[in-house]
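Lettering of chains follows the sequences in order, A, B, ..., and the numbering in each one begins at 1.
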Number of protein chains: 2
Amino acid sequence: MSSTHTHSKKNQSLTKNQRIVLDLLQNSGEPLKAYFILDSLKKEGLNSPLQVYRALDKLVELGKIHKIESINSFIICNNSNCASNTAFTICERCGKVKEIKNKYLKDSVSDLVKDNQLEITRYNLEFYVLCKSCKIN
Amino acid sequence: MSSTHTHSKKNQSLTKNQRIVLDLLQNSGEPLKAYFILDSLKKEGLNSPLQVYRALDKLVELGKIHKIESINSFIICNNSNCASNTAFTICERCGKVKEIKNKYLKDSVSDLVKDNQLEITRYNLEFYVLCKSCKIN
DNA sequence: ACCTCTAATGTTATACTATTACATATGTAA
DNA sequence: TTACATATGTAATAGTATAACATTAGAGGT
Ligand SMILES: [Zn+2]
Ligand SMILES: [Zn+2]
Ligand SMILES: [Zn+2]
Ligand SMILES: [Zn+2]
């Protein structure tokens, strides 16, 4: 079973608990809270908070999901290579969260970092907005 | 006692609880947790979490302190006019937090926002670093 | 196959963070 | 004064996360 390529490691190495938590977040697409995940996955055999938190921790570490600290929630990564750099917009009215595509963001952040003489290892940027539907209503 | 000028309102309007919580954060200069604040201020007459949280909420609203979400802690504002825009460096090793002076940051953020076509109402930026003393050791 | 080591699991209990609810008091403005 | 908004005090409870310990599953080397 070690005929695999290097790049497949990350996908294959997910354990059962990690996989079902990731699937839930993937299918949801929006931020979910740990205890909501727990309730949702009772039927899958997750019985204790720790089982959820351990899976979440690992998935965060792998960069497959992100934690949005201000709402104690977890969301599937919407990019392919965030590493541990994250950037979100959060609607101030309805709480809707979107991960900002880091394709273009990177250069902007680099400039900002350079301009302010920071030596950073990673970053987390939270931009509060009024989402489209909230702007209308 | 209402002979005051308009601009002094914000300072004078602090209530007793708000004042003693603010003083503690001011004197500390580093991020403090709500229950630590509670313990520290037992002798000042604060007996319940709610008394602390209410003071903290108000001080955050006034922009006098900021909450650092990722560590559930509160820190005195190091700028004069953050409004609700915040930017911190956080040491990945020892957890030391510093607020970034927003004097220069503002333009950089404006550029970033413009480049990424965001319409934001405010922001919170967290830059993870290795602080000087951690870099040495 | 066997041993070894590391990572993950299962379970219980507990720690930490924050809010609800309700009664009371205080300050401010008409 | 009356009315209103804001702040307080207190108790109970909700929500978030980790410690501790025993057990199991996988990966790698021999
Ligand atoms: Zn991502
Ligand atoms: Zn919205
Ligand atoms: Zn500030
Ligand atoms: Zn440090």
Side-chain angles (χ1 to χ4, degrees), chain A residues 1-6 8-25 31-62 64-75 95 97, chain B residues 1-6 8-25 31-62 64-75 95 97:
Chain A
M1 204 61 66
S2 59
S3 68
T4 57
H5 316 308
T6 320
S8 59
K9 175 97 187 296
K10 272 195 177 178
N11 283 323
Q12 296 209 348
S13 68
L14 290 187
T15 64
K16 173 175 150 282
N17 287 356
Q18 290 160 14
R19 169 54 59 192
I20 62 177
V21 169
L22 182 63
D23 283 348
L24 179 62
L25 285 166
L32 301 181
K33 286 167 175 286
Y35 277 73
F36 174 89
I37 294 172
L38 177 57
D39 287 341
S40 304
L41 296 177
K42 283 269 167 67
K43 48 183 172 298
E44 314 281 344
L46 292 199
N47 299 305
S48 87
L50 251 194
Q51 292 175 297
V52 173
Y53 279 108
R54 286 199 277 225
L56 289 171
D57 286 350
K58 193 66 188 179
L59 292 169
V60 166
E61 188 187 322
L62 294 173
K64 297 196 168 300
I65 66 173
H66 302 302
K67 180 174 186 184
I68 302 159
E69 296 286 355
S70 58
I71 53 174
N72 301 313
S73 300
F74 300 84
I75 192 170
V97 172
Chain B
M1 206 60 66
S2 58
S3 68
T4 57
H5 316 309
T6 319
S8 60
K9 176 102 188 290
K10 271 196 177 177
N11 283 322
Q12 296 210 346
S13 68
L14 290 187
T15 64
K16 174 175 150 280
N17 286 356
Q18 291 159 14
R19 169 54 59 192
I20 62 179
V21 169
L22 181 64
D23 284 347
L24 180 63
L25 285 167
L32 301 181
K33 287 167 174 285
Y35 276 75
F36 175 88
I37 293 172
L38 176 57
D39 286 341
S40 303
L41 296 178
K42 282 270 166 66
K43 47 183 171 299
E44 314 282 343
L46 292 199
N47 299 305
S48 86
L50 202 45
Q51 292 175 297
V52 172
Y53 279 108
R54 286 199 278 225
L56 290 171
D57 286 349
K58 192 65 188 180
L59 292 169
V60 166
E61 188 187 321
L62 293 174
K64 296 196 169 300
I65 66 172
H66 301 302
K67 180 175 186 184
I68 302 159
E69 296 286 356
S70 57
I71 54 174
N72 301 314
S73 300
F74 300 83
I75 192 170
V97 173

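For the pair B/K64 and B/L14, the minimum side-chain heavy-atom distance is below 4.5 Å. A heavy-atom distance below 4.5 Å is not found between the side chains of B/N17 and B/L41.
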Check: Just by protein heavy atoms under 4.0 Å, how would nucleotides 8-16 of chain D read 5' to 3' in B, S and -?
Finding: BBBB----B

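One interatomic measurement links the two molecules: CG of A/L14 to C1' of C/dA7, which rounds to 14 Å at whole-angstrom precision. Rounded to an integer number of Å, the gap from A/D57 CG to D/dA19 P is 11 Å. At whole-Å resolution of the value, CG in B/L56 and C1' in D/dA7 are 15 Å apart. We find that CZ of A/R19 is positioned 14 Å from P of C/dA8, with the value rounded to whole Å. If you take CG of A/L62 and C1' of C/dA8, they are 13 Å apart, rounded to a whole angstrom. Protein atom CG of B/D39 is 12 Å distant from nucleotide atom C1' of C/dC16, rounded to whole Å. Between the P atom of C/dA7 and the CD atom of A/E61 lies a distance of 10 Å, rounded to the nearest Å.
Going from atom CG of B/D57 over to atom CG of B/L62 covers 11.0 Å, rounded to the nearest 0.5 Å. Taken from CD1 in A/I71 to NZ in A/K33, the straight-line distance is 6.5 Å, to the nearest 0.5 Å. Within the model, atoms NZ of A/K67 and CD1 of A/I75 stand 14.0 Å from one another, a figure rounded to the nearest 0.5 Å. Between B/L32 atom CG and B/L38 atom CG the span is 12.5 Å, to the nearest 0.5 Å.
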